[in-house]
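Small disclaimer: the values here were computed from a predicted structure and weren't measured. Naming convention: chains lettered A, B, ... in sequence-line order (proteins, then strands); numbering from 1 in each chain.
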Amino acid sequence: MENQTKPRHFIQRIIDEDNISGKFENRVHTRFPPEPNGYLHIGHAKSICLNFSIADEFGGKCNLRFDDTNPIAEEEEYVHSIQADVKWLGYDWEDRLYFASDYFQQLYDYAIDLVKSGKAYVCELTPEEIRETRGNLKEPGKESPFRNRSVDENMDLFTRMKNGEFPNGSRTLRAKIDMAHPNMNMRDPVIYRILHAHHHNTGDDWCIYPMYDWAHGLEDSIEGVTHSLCSLEFEDHRPLYDWYLEALDVYRPQQIEFARLNLSYTIMSKRLLKQLVDDNHVSGWDDPRMPTLSGLRRRGYTPGAIRNFMDEIGVAKRNNVMEMTKLEFALKSDLNKRSQRRMAVLNPLKVVITNYPEGEDELLDAINNPEDESAGKRQVPFGRELYIEQDDFMEDPPKKFFRLGPGREVRLRYAYFITCNEVVKDENGNITELKCTYDPETKGGNAPDGRKVKGTIHWVSAKHAINGDVRLYDRLFCVPNPASKENFIEALNPDSLTVINECKMEPELAHSEIGITIQFERLGYFCKDPDSNDNPIFNRTVPLRDSWAKIEKQLHSGAKN
RNA sequence: UGGGGUGUCGUCUAACGGUAGGACAUCAGAUUCUGGUUCUGAGGGUCGGGGUUCGAUUCCCUGCACCCCAGCCA
């Protein structure tokens with residue numbers, strides 16, 4: 001059972017069979033074809049990982065190709081961010097960076113071929129008329145009155161469309177297929193539309209732009225793609241994909257559809273994500289609450305975590321909604337292995353060690369990463385006045401509480417055992433300070449007499465602490481499937497961001513780098529935000545598992561009964 | 001009610017006619033200088049009904065449920 005190989009998903013099996021039959025001469029060539037109309041999100045990462053890993057596994061290649069056929073939606077900014085994100089994930093398209101717009105002339109020439117063979121015509125129906133004559137799910141459409149023009153007339157009109165003689169929306173080039181076809185995509189689909197618009201890549205060279213169905217299969221064909229992997233909603237388009245390639249008698253890649261990734265409590269629609277950005281519900285595409293790759297990166301996610309996650313979730317055809325806990329598990333297991341540990345106190349409570357000599361301090365050894373000996377050790381300053389977490393003290397603790405309380409002894413991580421002797425309060429009864437004593441014999445964290453303590457808590461020396469802000473993130477939405485709401489904005493979680501100022505951090509944290517995720521012991525993983533200046537800001541990537549919170553919950557629900 | 005897809009633990013995903021397995025989640029326990037990590041264990045599933053078969057998640061029939069399609073978006 002140790003040597004069981006991972007089961008192969010349906011796409012791998014299809015390729016296995018193609019390699020046996022020699023369908024593509026044992027070649028495997030995939031592509032990741034984003035439209036530059038927004039930032040990439042975790043759903044795209046599934047496609048990226050799939051396409052690049054398939055190519056890698058079979059010794060093939062994977063292209064990065066921008067499907068930039070709609071200048072109205074596309075922007076240069078997005079082509080840069082998309083490349084950065086794919087690289088960050090760790091994939092390399094080598095010299096194969098392509099644009100659909102690089103093929104515009106060739107795509108146009110192919111359209112001429114189609115016109116000449118009598119399989120396409122220039123239609124002068126308005127968009128509304130096209131819609132009305134398309135029929136519906138149970139009724140066939142009606143043929144366009146322009147359907148049977150001569151080849152010469154079509155050539156003339158199409159050339160003039162290209163030359164800019166007609167306004168937007170006045171004419172289209174349509175494939176002559178079957179207005180009664182049960183598949184709506186086959187009811188004389190539009191091939192070219194007139195769009196007098198500036199294109200990020202081709203400028204004003206063109207005023208007609210190809211539709212997705214025309215462009216995509218031809219791009220795949222031109223690039224010699226073997227397996228064109230796309231999401232389920234394109235299943236209905238496959239007959240058209242094949243029809244075009246067959247009509248043109250060109251090389252035919254194989255389109256295979258798989259189920260895209262969905263994650264609970266978030267949205268995976270570029271349109272909706274853009275709305276969050278445009279309406280300032282988040283700080284930008286890279287807001288750490290966003291499911292975008294740039295957001296996850298800023299949050300402190302690692303490429304390895306995302307790739308491992310994709311490896312775990314599999315590839316199939318059934319619609320799915322992954323639970324966020326699965327992603328977070330992949331994250332934490334990656335971070336646990338590679339993150340250095342530090343101590344930081346988010347909600348400080350002052351502790352005075354009354355028997356520690358005044359004015360003195362010392363340095364204590366702390367392990368950087370118990371999971372990785374090579375990470376070494378560091379020294380943390382200790383002194384008479386410290387900060388501990390407010391949650392780590394209870395004046396009247398329940399039996400299962402292992403932390404500090406009046407008369408109780410706990411271990412300060414990597415330091416000493418301390419016992420709480422006195423609780424100092426202000427006039428309102430709020431606890432402001434604890435007076436404790438330490439046992440000098442327990443330096444380093446162990447008692448020579450062998451006595452044990454139940455709890456170990458983290459701390460920071462008051463004198464040496466640096467201040468910093470911490471941003472605690474929670475899920476962006478309150479409901480499992482926000483996109484299904486009439487108005488998804490209403491499902492936004494009002495508590496998705498909590499900022500804590502003046503947290504107390506061990507001095508070593510002054511040197512932490514942006515983009516490197518570290519663990520604040522007992523709290524979670526944190527990553528320094530680019531907004532940081534002299535005052536560091538840390539984003540909480542993900543909290544650590546908190547089994548005390550679970551016990552506390554049980555205690556409370558038990559109390560009600 | 002046309003066409004195209006999909007139905008396996010709560011959530012993902014295997015099993016390709018031969019003991020329904022794994023992961024996450026949940027619960028219980030052990031270990032631990034992080035109530036982290038690690039380890040052990042438990043509960044929990046084949047959409048329904050027929051049929052073929054020694055044997056069906058798998059094949060056949062028949063229902064049912066869910067998703068996608070009526071952009072000059074991709």
Side-chain angles (χ1 to χ4, degrees), chain A residues 1 4 6-9 13 33-35 37 67 69-70 72-74 123 125-127 130-132 134-141 168-174 180-187 189-195 208-209 211-213 215-216 230-239 257 259 264 270-271 312-330 332-333 336-337 341 343 366-367 370-371 400-403 411-415 417 444-446 452-458 519-524 543-551:
Chain A
M1 67 169 44
Q4 275 185 359
K6 211 183 170 212
R8 300 174 73 64
H9 57 68
R13 293 181 194 200
E35 183 189 12
N37 67 342
D67 218 349
T69 56
N70 182 5
I72 292 167
E74 297 151 7
C123 182
L125 257 23
T126 63
I130 288 187
R131 178 161 27 85
E132 286 160 8
R134 184 152 30 224
N136 56 44
L137 296 184
K138 31 182 187 282
E139 287 165 25
N168 289 356
S170 62
R171 282 166 182 78
T172 55
L173 182 73
R174 290 228 259 167
H181 199 108
N183 180 342
M184 303 283 288
N185 294 121
M186 302 297 272
R187 321 246 260 227
V190 172
I191 297 172
Y192 270 94
R193 77 287 212 177
I194 300 172
L195 243 34
I208 57 171
Y209 290 91
M211 296 289 290
Y212 166 85
D213 290 298
H216 203 90
C230 64
S231 44
L232 254 25
E233 68 267 30
F234 292 103
E235 225 154 11
D236 283 345
H237 295 242
R238 187 173 0 115
E257 310 84 13
S264 61
K270 275 194 274 188
R271 184 176 63 83
E312 280 296 309
I313 63 173
V315 179
K317 291 195 73 156
R318 69 183 82 98
N319 289 315
N320 62 81
V321 182
M322 295 302 313
E323 287 179 348
M324 200 62 99
T325 53
K326 186 106 174 172
L327 212 211
E328 292 182 343
F329 177 82
K332 286 185 279 190
S333 78
N336 178 52
K337 279 176 279 182
R341 272 61 169 173
M343 290 196 284
I367 293 167
E371 307 294 321
K400 286 182 172 174
F401 186 80
F402 300 153
R403 282 110 90 149
R411 170 167 39 232
L412 295 177
R413 179 84 157 147
Y414 296 128
F417 287 10
N446 289 301
K452 304 284 187 205
V453 287
K454 291 289 274 286
T456 299
I457 64 176
H458 62 278
Q519 184 191 105
F520 288 179
E521 294 222 25
R522 302 210 303 134
L523 298 175
L544 249 26
R545 170 137 85 196
D546 185 355
S547 36
W548 165 244
K550 208 173 290 179
I551 294 167

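For A:Lys326 and B:rA23, a side-chain-to-base donor-acceptor distance below 3.5 Å is present, hydrogens and geometry of angles not being considered. Taking only distance into account, the side chain of A:Arg187 never meets the base of B:rC69 through a donor-acceptor pair shorter than 3.5 Å. In terms of polar N and O atoms assigned as donor or acceptor, the side chain of A:His9 never comes within less than 3.5 Å of the base of B:rA14 in a complementary pairing.
At a threshold of 4.0 angstrom between heavy atoms, the contacts of A:Met211 are confined to the sugar-phosphate backbone, with no base atom among them. Within 4.0 Å of A:Glu235, counting heavy atoms only, lie sugar-phosphate atoms of the nucleic acid but no base atom. Among the atoms of the strands shown, base atoms are found under 4.0 Å from some heavy atom of A:His237. As judged by a 4.0 angstrom heavy-atom cut-off over every strand, A:Glu35 is placed among residues touching the sugar-phosphate backbone only. Here A:Asn37 lies out of heavy-atom contact (under 4.0 Å) with every strand. Within the nucleic acid shown, A:Pro127 comes within 4.0 Å of at least one base atom, counting heavy atoms only. Residue contacts for A:Asn320: at a heavy-atom cut-off of 4.0 Å it reaches the sugar-phosphate backbone alone, with no base atom in range. Note on A:Leu125: a base of the nucleic acid sits closer than 4.0 angstrom, heavy atoms only. Residue contacts for A:Val321: at a heavy-atom cut-off of 4.0 Å it reaches the sugar-phosphate backbone alone, with no base atom in range.
Nucleotide B:rU52 has no partner under the Watson-Crick or G-U criteria, as no pair reaches both atom distances under 3.5 Å. Under the Watson-Crick or G-U wobble criterion, with both distances below 3.5 Å, B:rU6 is paired with B:rA65. In this structure B:rG43 sits in no base pair that meets the Watson-Crick or G-U test at under 3.5 Å.
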Under 4.0 Å protein heavy-atom contact, by nucleotide of nucleotides 35-43 of chain B - B base, S sugar-phosphate only: BBS------
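Listed pair A:Arg8 / B:rC16 fails the phosphate criterion, with no side-chain N or O lying under 4.0 Å from OP1 or OP2. The shortest distance between the side-chain N/O atoms of A:Thr126 and the OP1/OP2 oxygens of B:rC72 is not below 4.0 Å.
Of all nucleotides listed (B:rC16, B:rC72, B:rG71), B:rC72 comes nearest to the side chain of A:Arg193.
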